[in-house]
Amino acid sequence: MAKVENKPDVFVEKNGGIATLFLNRPEKRNAFHFAMWQDIGKYVRELEEDDDVKVLIIRGVDETSFAAGADISEFKTLRYTAEGAKKYNDETMAMEEILLGCTKPTIAMIQRYCVGGGLELAMACDLRFSSETRLFAITPAKLGLIYNLKPTKRLVDLVGPARAKDILFSGRILDAKEAYDFRLIDRIYKEEEVVEKTYEYAALLTERAQRAVKGSKRIINEVIGGAQEESEEIAQLILDSFESSDYKEGVKAFQEKRKPVFKEV
């Protein structure tokens, strides 16, 4: 377990258009204490406003864990009453809404444990890349609590109602293959490849037209939210892309058989 010394339990590093948000509590398998949720929301807000950042990766600081859920010690303090649980749940869901609302692509890079609140965080990302034979679970049935509607809906949207019931009713552990078969994760890589492949994919996204990437994400989120027809705002978003400098660069590069250099943020 290699905690990065002189760094807080959540910290960010940036390189070449990619920001990485590290969970730095490996001695606890990156189990969340309340302040960590607050810090995640703060960093995501900051990165949303940083034009140099095009992709966000969330990961554990080493290979020992993505996040093993909530710090169990807080179940006897902050979350021991309905009032305390409401404050805690409201804060975590507010952070997830910030992450869901991020206009930039977000990727959860999962190694080993991804349980409870860890899986909840991963589900709030756009994509989930995992190493082999990792451990996935949501365990309210083992604790006697009930998950909130919004994260439960995200689970249902990903895996369907029957599989969501299986996961929540049983609290059982899924390995990476079953999680992939359930569509809970999007890609599986060998343990020694997951870091390289995740950052390789993130670098690819930094080369794409950011107006198109952000626009696609927004429209997909509208579809997830139930939209079936284009609003005037969405229709205008699409039409505006044809007036953009990136569109002109994309067409020119295609005609000239070269790689486009997009400049919009």
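Just so you know, these numbers use all the heavy atoms, side chains as well, and skip hydrogens, waters and symmetry mates.
- Atom CG of Leu184 and atom CD1 of Ile167 lie 5.5 Å apart (nearest 0.5 Å).
- Between Lys14 and Asp52 there is no salt bridge, since no side-chain nitrogen of the basic residue lies less than 4.0 Å from a carboxylate oxygen of the acidic one.
- For the ring pair (Phe, Tyr, Trp, His ring centres under 6.0 Å) test, residues two or more places apart in sequence or in another chain that qualify with Phe242 are Tyr247.
- No side-chain heavy atom of Arg187 sits under 4.5 Å from any side-chain heavy atom of Lys197.
- Among all heavy-atom pairs drawn from Ala70 and Tyr88, the shortest one is CB-OH, 3.8 Å.
- More than 12 heavy atoms of other residues, nucleotides or ligands shown are found within 6.0 angstrom of CG on Leu239.
- Counting only N and O atoms by type, the side chains of Thr20 and Tyr199 include a donor and acceptor under 3.5 Å apart.
- With hydrogens and angles disregarded, a donor-acceptor distance shorter than 3.5 Å links the side chain of Asn24 to the backbone of Pro8.
- The hydrophobic cluster containing Ile220 also includes Ile224, under a criterion of side-chain heavy atoms closer than 4.5 Å among ILVMFWY residues, counted directly or through chains of members.
- For the atom pair Arg25 CZ and Lys3 NZ, the distance stands at 8.0 Å (nearest 0.5 Å).
- When all heavy atoms of Asp126 and Pro105 are compared, the closest pair comes out as OD2-CA, 3.3 Å.
- Residue Ala122 comes nearest to Ile110 through the heavy atom pair CB-CD1, 4.2 Å, listed as atom of the first residue, atom of the second, then distance.
- The closest donor-acceptor contact from the side chain of Lys54 to the backbone of Leu205 lies at 3.5 Å or more, if one exists at all.
- Of the possible polar contacts, one joining the Glu48 side chain to the Thr103 backbone as a donor-acceptor pair under 3.5 Å is found.
- Between the side chain of Asp186 and the backbone N or O of Arg128 there is at least one donor-acceptor pair closer than 3.5 Å.
- For the residue pair Tyr43 / Arg45, no side-chain donor-acceptor distance below 3.5 Å is found, with atom types taken as modelled.
- Of the options Leu21, Ile58, Ile40, a side chain to side chain contact (heavy atoms under 4.5 Å, CB included) to Leu99 is made by Ile58 and by none of the others.
- Partners of Arg112 by side chain to side chain contact (heavy atoms under 4.5 Å, CB included), not counting sequence neighbours, listed by chain and number: Arg134.
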side-chain contact (heavy atoms from CB on, under 4.5 Å) for Ile234 and Glu222? Distances and angles first, verdict last.
CA-CA 9 Å; Ile234 292 297; Glu222 292 279 338; 4.1 Å; yes
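- Note: Glu91 CD to Met95 CE = 9.0 Å, rounded to the nearest 0.5 Å.
- Legend: salt bridge (Lys or Arg N to Asp or Glu O under 4.0 Å) pairs involving residues 35-44, not counting sequence neighbours: none detected.
- Remark: Glu233 engages Arg218, Ser231 in a side chain to side chain contact (heavy atoms under 4.5 Å, CB included) (not counting sequence neighbours).
- Looking at Glu120 and Thr92, their side chains never bring a donor and an acceptor atom within 3.5 Å of each other.
- Using a 4.5 Å cut-off between side-chain heavy atoms of Ile, Leu, Val, Met, Phe, Trp and Tyr, with links allowed through other members, Leu145 and Leu168 fall into the same hydrophobic cluster.
- Remark: Leu23 CG to Arg29 CZ distance equals 15.0 Å, nearest 0.5 Å.
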Steps toward side-chain contact (heavy atoms from CB on, under 4.5 Å) verdict (Ile146, Thr152)
CA-CA 10 Å; Ile146 301 171; Thr152 301; over 6 Å; no
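- At a threshold of 4.5 Å between non-hydrogen side-chain atoms, the residues Met123 and Ile138 count as touching.
- Legend: residues meeting side chain to side chain contact (heavy atoms under 4.5 Å, CB included) with Lys190, ordered by chain and number and at least two apart, are Glu132, Glu192, Glu193.
- Ile188 CD1 to Ser130 OG: the interatomic distance, rounded to the nearest 0.5 Å, is 6.5 Å.
- No donor-acceptor contact under 3.5 angstrom links the side chains of Asp246 and Ser244, judged on distance only.
- The shortest non-hydrogen separation linking Ile238 to Glu230 is CD1-OE2, 3.5 Å.
- Note: Phe66 and Tyr113 fail the aromatic proximity criterion, with ring centroids not under 6.0 Å apart.
- Between the Asn30 side chain and the Ser65 main chain, a donor and an acceptor come within less than 3.5 Å of each other.
- Residues Thr206 and Gly17 share a closest heavy-atom pair of CG2-O, 4.0 Å.
- Residues Ile107 and Leu56 are not in side-chain contact: their nearest non-hydrogen atoms beyond the backbone lie 4.5 Å or more apart.
- We find the CD1-CD distance between Ile18 and Glu200 to be 10.5 Å, quoted to the nearest 0.5 Å.
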Between Ile57 and Thr106, is the side-chain contact (heavy atoms from CB on, under 4.5 Å) condition met? List the steps.
CA-CA 6 Å; Ile57 294 172; Thr106 57; over 6 Å; no
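- For residues 172-185, the pairs satisfying side-chain hydrogen bond (donor to acceptor under 3.5 Å, both in side chains) are Asp166-Arg172, Arg172-Glu178, Lys177-Asp181, with sequence neighbours left out.
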Audit row: Lys263, Glu249, side-chain contact (heavy atoms from CB on, under 4.5 Å) steps and yes/no:
CA-CA 9 Å; Lys263 296 182 178 179; Glu249 165 63 11; over 6 Å; no
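- Arg211 meets the salt bridge (Lys or Arg N to Asp or Glu O under 4.0 Å) test with Glu264; sequence neighbours excluded.
- In this structure, Val61 is not a member of the same hydrophobic cluster as Val115, with clusters built from ILVMFWY side-chain heavy atoms closer than 4.5 Å.
- Not counting sequence neighbours, Tyr147 has no partner by the ring pair (Phe, Tyr, Trp, His ring centres under 6.0 Å) test.
- Applying the side chain to side chain donor-acceptor pair (under 3.5 Å) criterion to Glu232, with sequence neighbours excluded, gives no partner residue.
- In this structure a side-chain-to-backbone donor-acceptor pair under 3.5 Å is missing from Asp71 to Ala31.
- The backbone N or O of Cys102 sits less than 3.5 Å from a side-chain atom of Lys217, completing a donor-acceptor pair.
- Although no hydrogens or angles enter the test, the distance criterion places a donor-acceptor pair under 3.5 Å between the side chain of Lys104 and the main chain of Leu47.
- Taken together through direct or relayed side-chain contacts under 4.5 Å among Ile, Leu, Val, Met, Phe, Trp and Tyr, Leu121 and Leu158 form part of one hydrophobic cluster.
- Every ring pair (Phe, Tyr, Trp, His ring centres under 6.0 Å) that Phe22 has, sequence neighbours left out, goes to Phe11.
- Residues satisfying the side chain to side chain contact (heavy atoms under 4.5 Å, CB included) test with Gln111, not counting sequence neighbours, are Arg59, Glu63, Met109, Ser131, Glu191, Val194, Val195.
- Residues Val44 and Val265 fall into different hydrophobic clusters, defined by Ile, Leu, Val, Met, Phe, Trp and Tyr side chains chained together at heavy-atom separations under 4.5 Å.
- At a threshold of 4.5 Å between side-chain heavy atoms, the hydrophobic network of Ile, Leu, Val, Met, Phe, Trp and Tyr places Ile185 and Phe129 in two separate groups.
- In terms of modelled atom types and a separation under 3.5 Å, the side chain of Asn148 and the main chain of Lys150 share no donor-acceptor contact.
- Minimum heavy-atom separation, Phe136 to Ala176: CE1-CA, 3.8 Å.
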